[in-house]
Amino acid sequence: MKITRITLREIHMPLVHFFETSFGRTTQRRIVLVEVEEAGGAAGWGEVTAGENPFYNEEWTESAWLILRDYAGPQVLGRNLRSACEVSALTARIRGHQMARGGLEAAVWDLEARLAGLPLWRHIGGVRSEIACGVSIGIQDSVEQLLQKIQCELEAGYQRIKIKIKPGWDVDVVRAVRGRFPDIQLMADANSAYRLNDAPHLKQLDAFGLMMIEQPLAHDDIIDHAKLQARLDTPICLDECIRSAHTAGQAIEMRACGIINIKLGRVGGFAEARRVHDVCRERGIPVWCGGMLESGVGRAHNIALSTLENFVLPGDVSASRRYWQRDIIAPPVEVTPQGTIQASDRPGFGYELDLDYIRSITAREETLR
Ligand code: OSB
Ligand code: MG
């Protein structure tokens, strides 16, 4: 597999509804897509999951573009790869920037699956053709609006509800949701909005039977999460803190969490995501697949990842229509009335690219040869 061309595209896609977390509100995505081509003319596609601003982690659209163009791309271009497994090592000299590196890596996995004539999910070692889906619901303008949204998503079939919390939108909101929906699988994601001092406040959440509380403390602080977990009955799920199989192993050893959210981009691609998955499986830690408001390309990759054995909890992988009026893949990702997504049996990530639409929303494009 000789990589002869890498094309970067930045596309702009307005969200159907704004998405608000403790670190801010997003209304329009600026997404970097990576297309890799090999000598025989076959192509693979990946998506960089970085946000528009360096607020979730240190990466953003602009940093990803430069890392891909000036560092990660040149390391892979012209190489004769024996396997997609090599990509991560080729760019390992770059400190951090896993999302940029991961977008390129995922594109090569897609390409390799296509060349092998296999669906990506089988190519990475997936064990199920149907995945369980939950939704992540952002901070709303009112509690009533949030309750209405939850009602809608439950009617659509989604198996679990995640709500975003932050100081001032937490205990009372969770109480209201539990009051209205006593039996649903419910969890809360704080995106690092609290400090260890807030432990007594967060302890109140133990009363509501949450499946987990996701990343309550700082994005890079495993030790304080361990201290907090010792004081909470509710399992902590780490998101931002888990950047590699190594950090996952450390978090588990420190008892900083009972559950781990694996995001393909955050850990730098499929090879590392599988290693995180394996570490968690060996230590009895269940995992699920997180989302970053992906377009169809990243969404399709998340579906593939979710078919690995230890993805035993519903993930934040949901239908295209929750995000986009029109997705860049055809058909769009749809969810069954049972709240599942069927993995495609077509080669590669399993969907057609809507190239005309992609062209029409491309803000910049650059090809490395
Ligand atoms: O913490 O999981 C998160 C979106 C952007 C940044 C961080 C997160 C999220 C989500 C959205 O929760 C998940 C999705 O629906 O894609
Ligand atoms: Mg999260």
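These numbers were taken from a predicted model, which means no experiment stands behind them. We count ligands from 1, going down the list as the structure has it; atoms in each ligand are counted the same way.
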Of Tyr323, Phe23, Phe19, the residue with the heavy atom nearest atom 11 (C) of ligand 1 is Phe19
May I ask you to decide whether Asp198 forms a salt bridge with Arg195, counting only side-chain N to carboxylate O separations under 4.0 Å? no
Before accepting this row, confirm whether a basic side-chain N of the pair Asp220/Arg243 lies closer than 4.0 Å to the acidic partner's carboxylate O. no
Checking the side chain of Arg122 only, and the main-chain atoms of Asp345 only, is there a donor and an acceptor separated by less than 3.5 Å? no
Atoms in ligand 1 flagged as close to Lys263, the criterion being non-hydrogen separation under 4.0 Å: 1 (O), 2 (O), 3 (C), 7 (C), 8 (C)
Can you tell which part of Thr21 has a heavy atom less than 4.0 Å from ligand 1: side chain, backbone, both or neither? neither
Does ligand 1 have any atom that is closer than 4.0 Å to a heavy atom of Glu240? no
Closer than 4.0 Å to some heavy atom of Lys164 - which atoms of ligand 1 meet that? 1 (O), 2 (O), 3 (C), 8 (C), 9 (C), 10 (C), 12 (O)
Would you say the rings of Phe270 and His301 are close, in the sense that their centroids are separated by under 6.0 Å? yes
How far is atom 16 (O) of ligand 1 from its nearest protein heavy atom, and which residue and atom name does that atom have? Leu293 N, 2.9 Å
Protein residue, atom and distance nearest to atom 6 (C) of ligand 1, heavy-atom basis: Met292 SD, 3.6 Å
Nearest to atom 13 (C) of ligand 1, what protein heavy atom do you find, and at what distance? Gly291 O, 3.4 Å
Assess whether a salt bridge exists between Glu144 and Arg180, defined as any Lys/Arg side-chain N lying under 4.0 Å from an Asp/Glu carboxylate O. yes
Is the cationic atom of Arg160 (NZ for Lys, CZ for Arg) positioned less than 6.0 Å from the six-membered ring centroid of Trp288 and within 45 degrees of its normal? yes
Under 4.0 Å between a side-chain nitrogen and a carboxylate oxygen: does that hold for Arg30 and Glu62? yes
Going by an N to O cut-off under 4.0 Å, is there a salt bridge joining Asp278 and Arg281? yes
Polar protein atoms near the Mg ion (ligand 2) [N, O or S; cut-off under 2.8 Å]: Asp189 OD2, Glu214 OE2, Asp239 OD2
What part of Lys162, side chain from CB on, backbone N/CA/C/O, both or neither, has a heavy atom under 4.0 Å from ligand 1? side chain
Any atom of ligand 1 sitting under 4.0 Å from a heavy atom of Asn191? yes
Which atoms of ligand 1 are found less than 4.0 Å from any heavy atom of Asp239? 1 (O), 2 (O), 3 (C)
Considering distance alone, does some N or O of Asn261 sit under 3.5 Å from an N or O of ligand 1? no
Between Ile262 and Leu120, is there shared hydrophobic-cluster membership here, with clusters defined by ILVMFWY side-chain heavy atoms closer than 4.5 Å? yes
Would you call the rings of Phe311 and His277 parallel, tilted or perpendicular if under 30° counts as parallel and over 60° as perpendicular? parallel
Salt bridge present between Lys2 and Glu38 (N-O < 4.0 angstrom): no
4.0 Å heavy-atom contact, Gln215 with ligand 1: no
Pairing of Glu47 and Arg299 as salt bridge, 4.0 angstrom limit: no
Students should be able to answer this: which protein heavy-atom is nearest to atom 12 (O) of ligand 1, and at what distance? Ser136 OG, 2.9 Å
Output yes when Lys166 and Glu20 qualify as a salt bridge under the 4.0 Å nitrogen-oxygen rule, no when they do not. yes
